[in-house]
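Treat the numbers as computed from the prediction; the structure is a model and nothing was measured.
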Amino acid sequence: MTHVIRTATADDAGRLAALAAVTFPLACPPGSSPADIAAHLANTLSEANFVSYLADPVITILVLDADGELRGYSLLAARPAQDPDVAAVLTILPSTELSKCYVHPDHHGLGAAADLMHASIGAAAAAGARGLWLGVNDQNARAIRFYEKSGFRKVGTKSFTLGSTVEHDFVMERPVTP
């Protein structure tokens, strides 16, 4: 697979929303209702939302572009943690949130996620962060293993509202330099 990782542009908003519609459901707990997933996609991961994210100066979106098709993306928010449960457990400051990090299932197991993670860590460091943090559903064993392999460690928990359901996430953190 030939791919490049680049910073997303406004022209990518529609393709990012389409990719999110494929990748986000894979990160949800098995019992998540289709209605809750659809509500989250509409309220958080729509094309209009990506247009707003791309216009926000504290947000960076990186895309994994495989021969002209978006096959993965990460969204970094370079601002203090807004959730008090998260702010209470972070130890490496200033810290950037890795809000989203998804790769199309056709590219799982090919090293694409590791490449995207490496680029995301580099982008956070380049923006002045000392740490990088994320929230991951406590039932998403595959993602947790990947994040631990990528140098993250569990430092706390937080809640995440998915439609009408409150989910439980681990908060994970890592320094941006080894």
Describe, in one word, how the ring planes of Tyr147 and Phe152 are oriented to each other, choosing from parallel (under 30°), tilted (30 to 60°) and perpendicular (over 60°). perpendicular
Indicate, with yes or no, if Tyr102 and Met117 share a hydrophobic cluster defined by side-chain heavy-atom contacts under 4.5 Å among Ile, Leu, Val, Met, Phe, Trp and Tyr. no
So, the side chain of Ser74 versus the backbone of Cys101: is there a donor-acceptor pair under 3.5 Å, distance only? no
Got a donor-acceptor contact below 3.5 angstrom from the Arg174 side chain to the Ser150 backbone? yes
Find out whether Ile61 and Thr7 are in side-chain contact, i.e. whether some heavy atom of one side chain is under 4.5 Å from a heavy atom of the other. no
Would you mind checking if Asp65 and Arg6 are paired as a salt bridge, meaning a charged N to carboxylate O distance below 4.0 Å? yes
Check whether any side-chain heavy atom of Thr157 sits under 4.5 Å from a side-chain heavy atom of Val171, and report yes or no. no
Backbone N/O of Pro94 and side chain of Arg130: donor-acceptor pair under 3.5 Å: no
Is a side-chain N or O of Asn140 found less than 3.5 angstrom from the main chain of Asn137, in a donor-acceptor match? no
Are Ile121 and Ile5 connected into the same hydrophobic cluster when the rule is that any two of I, L, V, M, F, W, Y join if their side-chain heavy atoms are below 4.5 Å apart? yes
Do the side chains of Leu76 and Lys100 get nearer than 4.5 Å, heavy atoms only? no
Do the side-chain N and O atoms of Asp36 and Ser164 include a donor-acceptor pair separated by under 3.5 angstrom? yes
Charged N-O contact under 4.0 Å between Asp169 and Lys154: no
Quick check: do Thr23 and Tyr73 have side-chain heavy atoms less than 4.5 Å from each other? yes
Quick one: do Phe50 and Leu70 end up in the same hydrophobic cluster if we chain Ile, Leu, Val, Met, Phe, Trp and Tyr together by side-chain heavy atoms under 4.5 Å apart? yes
Is the distance between the ring centroids of His168 and Phe160 under 6.0 Å? no
Cluster link Ile37 to Val22, ILVMFWY, side chain under 4.5 Å: no
Would the distance check show the side chain of Ser32 and the main-chain N or O of Cys28 forming a donor-acceptor pair, the cut-off being under 3.5 Å? no
